[in-house]
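Notes follow the structure.
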Amino acid sequence: MTSVSLYRVVVTTAVILSLGSTSTAKKSKPHIIFIVADDLGWNDVGWHNRYMRTPTINRLARQGVILNSSYVHPTCTPSRSSILTGIYPFRLGLQNGVIRPSEAKHLPTNYSTLPEKLQEAGYATHMIGKWHLGFCNWRYTPTQRGFDSFLGFYTGAQDYYKHTRENGYDFRFNASVYHPPKKQYSTKTYADRAVEVIRENQKSDKPLFMYLSFQSVHTPLQVPKKFQSIYKNVKNKDRRIYNGMVTAMDSAIGTVIAALKKYRYLQNSIIVFTTDNGGAAHVAGNNLPLRGSKTTLWEGGTRAVSFVLAKKYQKRKRFVHDGLFHAVDWFPTLLAAAGVKTKGMDLDGVNQWPMLKGKPSRRREFIYNIDSSNIGSSVAAIRYGDYKLIQGSPGKYNDWYRVPKSPAKCTKFKEIQDEEEKDYFRYGGLNQVMKKVKTYFSWVFGKVTGVSWKHYRFKKLQKHCLQEEKKLMKKFIFPKYQMFDIRNDPTERHNIVIDKIQVFIKMKRRLDSYIAKAVEPQSRRKYTRSNPDFHDGVWSDGWC
């Protein structure tokens, strides 16, 4: 053999080995299935509440690591921004609540997202479900922020069957308007898409990152009757529907897990499950024994139901971890699991991959939120070890909420108030004939008086509920600072500022240092060019 021929053989062999090692490396990287529930309460899962039917996530949680001290932010947008960037929302300008459909707020483009970094590492990246991180420009939508594909909706809430929000339609496949099968419940739509992604990805040698962001169990309260009937012993109709929504989501997750098993993904998968904030206890969720509700800085609004299952990587099986974990930690933790270095990146998150394999938490403190958008001084909270310091009012819903026997009179109004829905009233058990009669008299009333009967009833209910809200606020009058020992007082009943004055001073200094770093919240100005009236009835970008 000539030296030239020998050289060609060596080079060819090297190339083949190189390609083989690349393929092997890709296959050895873990698949990452990140599941987000929306507004799921602490007491709304089977391992905290034996009356909840969640067999799939119960099994997954008990096979993996239940994160007993996993924290998120009080509302959707801030939590989702933390998960996908590893940055606190007060550094992104997203600390002042959710992005409403007509607002120009968005996830800033000067920070990398988790799917962008995983794409660079050779991952296939797919998103399903709720985005809620801005869409006033295409640059801010999922397929421009690191996802190879997107099936879902941009806004924060919508009808589970019609996919409408206020006066417009909101459902997409990638950038195109998409219409799922008629009368199909969105939770099933998402599960079917997840199975499709898993099946299609099997044809490539790329590891999979799937961000499965369920609409469940956010309002409006809707679920197929077969799931609602499971809880026929629950007298409160809203709670009965809500419980059915939880079980429907659990069933959908079961479908996804079955697909992972069928296509041999499960053994090499990291499955994350978390809620984006606490349950809406003022609607139908339940956070007991924790205090408060979604939108508040109490534990009930910020302590997340969460677990991780990674069969191939967990050294210890089936355990509960009490170490601190925060939403910003998912970014560096999952990148570390995928073999991606984050050294030199400006992150608030901590790599907790060793924690998920049984080591102690690397986190000592975190920020619940910092928001100075509505008042002169910041409403904020910090955790340091076992202690929690709250500055200002924790929010509107400050009680320990039990599920009432019947739907609260103001529940529907609060849904409207919180999410700007326009479907003001339901008619409960009235049959179709009564609905038509009521519609007729409403029409007559409007013709005679020039006032919509629906609008009149809404305004009357609004006045009543605002009065009730004022009474509730008067019930809880708080000092400027409150401090709690969360280990010994997880239900936040005893303010210990005076008892632990030295700890308070130290924590206040730490909180002040974070407040000094907070950027101005993004403007809540409305961007009318996104309005469905300009886009054939569809919520769309407006080139903000």
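For the numbers below, each heavy atom of this structure counts, side chains included, while hydrogens, waters and symmetry mates do not.
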>> For a quick test of reading the model, state the closest non-hydrogen atom pair linking A248 to T187 and the distance between them.
In response: O-CG2, 3.8 Å
> Between E116 and R145, is the closest basic N to carboxylate O distance under 4.0 Å?
Replying inline: yes
> Does Y169 have its ring centroid less than 6.0 Å away from the ring centroid of H179?
Replying inline: yes
> Considering residues at least two apart in sequence or located in another chain, which fulfil the side-chain contact (heavy atoms from CB on, under 4.5 Å) criterion with K162?
Replying inline: D159, T164
>> Between R172 and T141, is there a side-chain donor-acceptor contact under 3.5 Å, judged purely by atom types and distance?
In response: no
> Quick check, are the ring centers of W298 and Y397 under 6.0 angstrom apart?
Replying inline: no
> Under 3.5 Å, is there a donor-acceptor pair between the side chain of N174 and the main chain of F150?
Replying inline: yes
> Among all residues two or more places apart in sequence or in another chain, which pass the side-chain contact (heavy atoms from CB on, under 4.5 Å) test with P74?
Replying inline: L297, T302, N369
>> S79: which residues meet the side-chain hydrogen bond (donor to acceptor under 3.5 Å, both in side chains) condition with it, sequence neighbours left out?
In response: none
>> I'd like to know if R53 and D250 make a salt bridge, using a cut-off of under 4.0 Å between side-chain N and carboxylate O.
In response: no
>> Are Y161 and Y185, when compared by the centres of their aromatic rings, separated by less than 6.0 Å?
In response: yes
> Judged by modelled atom types alone, do T54 and N58 share a side-chain donor-acceptor pair under 3.5 Å?
Replying inline: yes
> Got a donor-acceptor contact below 3.5 angstrom from the D192 side chain to the T189 backbone?
Replying inline: no
>> Checking side chain to side chain donor-acceptor pair (under 3.5 Å) between Y242 and each of T219, D44, N236, which is the one that passes?
In response: D44
> Taking the six-membered ring for Trp, are Y368 and Y71 ring centroids under 6.0 Å apart?
Replying inline: yes
>> Could you check whether any side-chain N or O of D276 sits under 3.5 Å from a backbone N or O of D39, counting only pairs where one atom can act as donor and the other as acceptor?
In response: yes
>> Tell me every residue that passes salt bridge (Lys or Arg N to Asp or Glu O under 4.0 Å) with D170, counting only those two or more places apart in sequence or in another chain.
In response: none
> Can you check whether Y265 and Y263 have ring centres sitting under 6.0 Å from each other?
Replying inline: no
>> Can you confirm if the aromatic rings of W539 and Y154 lie within a centre distance of less than 6.0 Å?
In response: no
> So, does R303 use its side chain to make a donor-acceptor pair with the main chain of N68 at under 3.5 Å?
Replying inline: yes
> Between N268, N201, T125, L118, which is the residue that forms a side chain to side chain contact (heavy atoms under 4.5 Å, CB included) with L208?
Replying inline: N201
> Taking only residues two or more places apart in sequence, or in another chain, which ones meet R493 in a side-chain contact (heavy atoms from CB on, under 4.5 Å)?
Replying inline: W400, D489, T491
> Does any donor atom in the side chain of T247 or Y231 lie under 3.5 Å from an acceptor atom in the other side chain?
Replying inline: yes
> So, S81 side chain and Y88 main chain: donor-acceptor pair closer than 3.5 Å or not?
Replying inline: no
> What residues, two or more places apart in sequence or in another chain, satisfy side-chain contact (heavy atoms from CB on, under 4.5 Å) together with D386?
Replying inline: D485, R487
> Is it true that a side-chain atom of E200 and a backbone atom of E196 form a donor plus acceptor pair closer than 3.5 Å?
Replying inline: no
> Is there a donor-acceptor contact under 3.5 Å linking the side chains of D148 and Q119?
Replying inline: yes
